[in-house]
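These values consider heavy atoms only, across backbone and side chains, with no hydrogens, waters or symmetry-generated copies.
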Amino acid sequence: AVNYEDAPTSRLVIYQSKLSADFTLDAKIPFAALDVSESEEDARYDRHLLTSCLTFMDTVFSGGSIHVDGGGCEDSLNFIRASGFLSKVSVTNASSDAIDADFSRIDIKDLSVSGAGNDCLDLSAGDYNVAQANLKNCGDKAVSAGERARVAIGVANISNATVGLASKDTSELYVSNMASDESSVP
């Protein structure tokens, strides 16, 4: 188990790792007020062009769970070229996108987001399978699939999102069972 709590301007990158079923990461990331001298574009990413407070890059999962609370970054949690299976992923109180995944092949049993300033789940250019997704209080989209992503969700419970599901850029988004309330566009 890893507990991570650090300054609002810190970022954590887990790179080229193989994480087992007993892996647990609990991250509490306070919100950071942006320096007014920085341009908004400069504040979106770090010197390595990473946009997330917590990034898993080139990482293989064999179970385990991740919980992130907070995050003043463009993405609270980001998967880049990651693969494998996660038992549980949850994000609460994200200032922008809660979960972002790019060029990954990930299966998640239980995914939950409660509070995102922008998208709750933003998936691009990969293969994603989610058995159960509980997404609430999304500032924009509950689920966004883009750049030829292939997404399958067994059960999606969506509450209080501007857009429930969005698929663009020749992406495929399949949902077997969905419940949505308080969303402008299901």
Side-chain angles (χ1 to χ4, degrees), residues 1-32 45-46 48 50-139 141-145 149 151-158 161:
V2 176
N3 291 311
Y4 172 76
E5 187 168 345
D6 210 348
T9 56
S10 296
R11 296 175 192 239
L12 176 62
V13 178
I14 297 176
Y15 180 63
Q16 292 185 338
S17 300
K18 291 184 180 177
L19 303 175
S20 66
D22 60 354
F23 170 77
T24 301
L25 184 116
D26 189 14
K28 183 165 179 60
I29 307 167
F31 286 99
Y45 51 84
D46 69 4
H48 301 290
L50 296 175
T51 61
S52 180
C53 293
L54 174 59
T55 302
F56 289 90
M57 183 182 289
D58 300 320
T59 296
V60 178
F61 297 95
S62 297
S65 65
I66 300 167
H67 173 71
V68 177
D69 181 22
C73 303
E74 176 76 13
D75 310 309
S76 286
L77 172 61
N78 193 6
F79 299 99
I80 302 172
R81 296 184 306 272
S83 62
F85 167 76
L86 283 157
S87 298
K88 183 167 181 64
V89 175
S90 65
V91 175
T92 55
N93 305 312
S95 68
S96 193
D97 287 352
I99 302 170
D100 190 4
D102 308 288
F103 311 106
S104 296
R105 297 175 65 90
I106 299 176
D107 295 333
I108 299 171
K109 182 178 179 182
D110 182 10
L111 183 143
S112 66
V113 174
S114 180
N118 197 35
D119 296 343
C120 278
L121 182 59
D122 186 0
L123 306 171
S124 300
D127 295 302
Y128 307 96
N129 294 296
V130 178
Q132 170 99 22
N134 295 299
L135 308 166
K136 65 180 182 178
N137 301 324
C138 311
K141 295 175 280 300
V143 178
S144 176
V151 180
I153 300 173
V155 177
N157 296 306
I158 298 169

Asker: How many angstroms lie between CG in Leu121 and SG in Cys138, if you round to the nearest 0.5 Å?
Answerer: 9.0 Å

Asker: Would you please say whether a donor-acceptor pair under 3.5 Å links the side chains of Ser96 and Asn118?
Answerer: no

Asker: Does the side-chain contact (heavy atoms from CB on, under 4.5 Å) test come out yes or no for Thr24 and His67, once each step is laid out?
Answerer: CA-CA 8 Å; Thr24 301; His67 173 71; over 6 Å; no

Asker: Check the side chains of Thr55 and Asn78 for a donor-acceptor pair under 3.5 angstrom, ignoring hydrogens and angles.
Answerer: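 Distance-only check fails for Asn78 and Thr55.
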
Asker: Tell me, yes or no, whether the heavy-atom count around Lys109 atom NZ, taken from other residues, nucleotides or ligands under 6.0 Å, exceeds 12.
Answerer: no

Asker: Would you indicate whether the side-chain heavy atoms of Ile99 and Phe79 approach each other to under 4.5 Å?
Answerer: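 Side-chain contact under 4.5 Å: yes.
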
Asker: Distance check, rounded to the nearest 0.5 Å: Leu19 atom CG versus Ile14 atom CD1?
Answerer: 6.5 Å

Asker: Would you mind reporting whether Lys88 and Ser112 have side-chain heavy atoms less than 4.5 Å apart?
Answerer: yes

Asker: If every non-hydrogen atom of Cys120 is compared with every non-hydrogen atom of Ala142, which pair is closest and at what distance?
Answerer: CB-O, 3.4 Å

Asker: Within this structure, what is the CZ-OG distance for the pair Phe103 and Ser83, rounded to the nearest 0.5 Å?
Answerer: 15.0 Å

Asker: Within the 4.5 Å heavy-atom criterion, are Met57 and Leu50 side-chain neighbours or not?
Answerer: yes

Asker: When you measure from the side chain of Ser65 to the backbone of Val89, do you find a donor-acceptor pair of N or O atoms at a distance under 3.5 Å?
Answerer: no

Asker: If you take all heavy atoms of Val113 and Ala116, which pair is closest and at what distance?
Answerer: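 Heavy-atom minimum between the residues: CG1-CB, 4.3 Å.
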
Asker: Do you know the tightest heavy-atom contact between Cys73 and Thr51?
Answerer: CB-O, 3.5 Å

Asker: Say whether, by atom type as modelled, one donor and one acceptor occur between the side chain of Ser76 and the main chain of Gly70 under 3.5 angstrom.
Answerer: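 Pair found, side chain donor or acceptor close to backbone of Gly70.
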
Asker: Do the non-hydrogen side-chain atoms of Asn134 and Asp110 ever get within less than 4.5 Å of each other?
Answerer: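 They are in contact (side-chain heavy atoms under 4.5 Å apart), so the answer is yes.
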
Asker: State which residue, out of Ile66, Leu86, Leu12, Val13, fulfils the side chain to side chain contact (heavy atoms under 4.5 Å, CB included) condition with Phe56.
Answerer: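 Option passing the side chain to side chain contact (heavy atoms under 4.5 Å, CB included) with Phe56: Ile66.
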
Asker: Does Lys141 reach the side chain of Asp122, with side-chain heavy atoms less than 4.5 Å apart?
Answerer: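 No. Closest side-chain heavy atoms not under 4.5 Å.
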
Asker: Quick one: pull up CG in Leu77 and CG in Leu25 and give me the separation to the nearest 0.5 Å.
Answerer: 9.0 Å

Asker: Of all the heavy-atom pairs spanning Ala94 and Val91, show the shortest one and how long it is.
Answerer: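 It is CB-CG1, 4.1 Å.
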
Asker: If I compare all heavy atoms of Ala149 with all of Ala125, which pair ends up nearest, and what's the gap?
Answerer: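 Scanning both residues, the minimum pair turns out to be CB-N, 3.7 Å.
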
Asker: Looking at every heavy atom in both Gly72 and Ser95, which two are closest together, and how far apart are they?
Answerer: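 Residues Gly72 and Ser95, closest heavy atoms: CA-OG, 3.2 Å.
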
Asker: Can you tell me how far CG of Leu111 sits from CD1 of Ile106, rounded to the nearest 0.5 angstrom?
Answerer: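 The CD1 atom of Ile106 sits 10.0 Å away from the CG atom of Leu111.
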
Asker: CD of Gln16 to CG of Asp58: how many Å apart, nearest 0.5 Å?
Answerer: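 It comes to 5.5 Å.
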
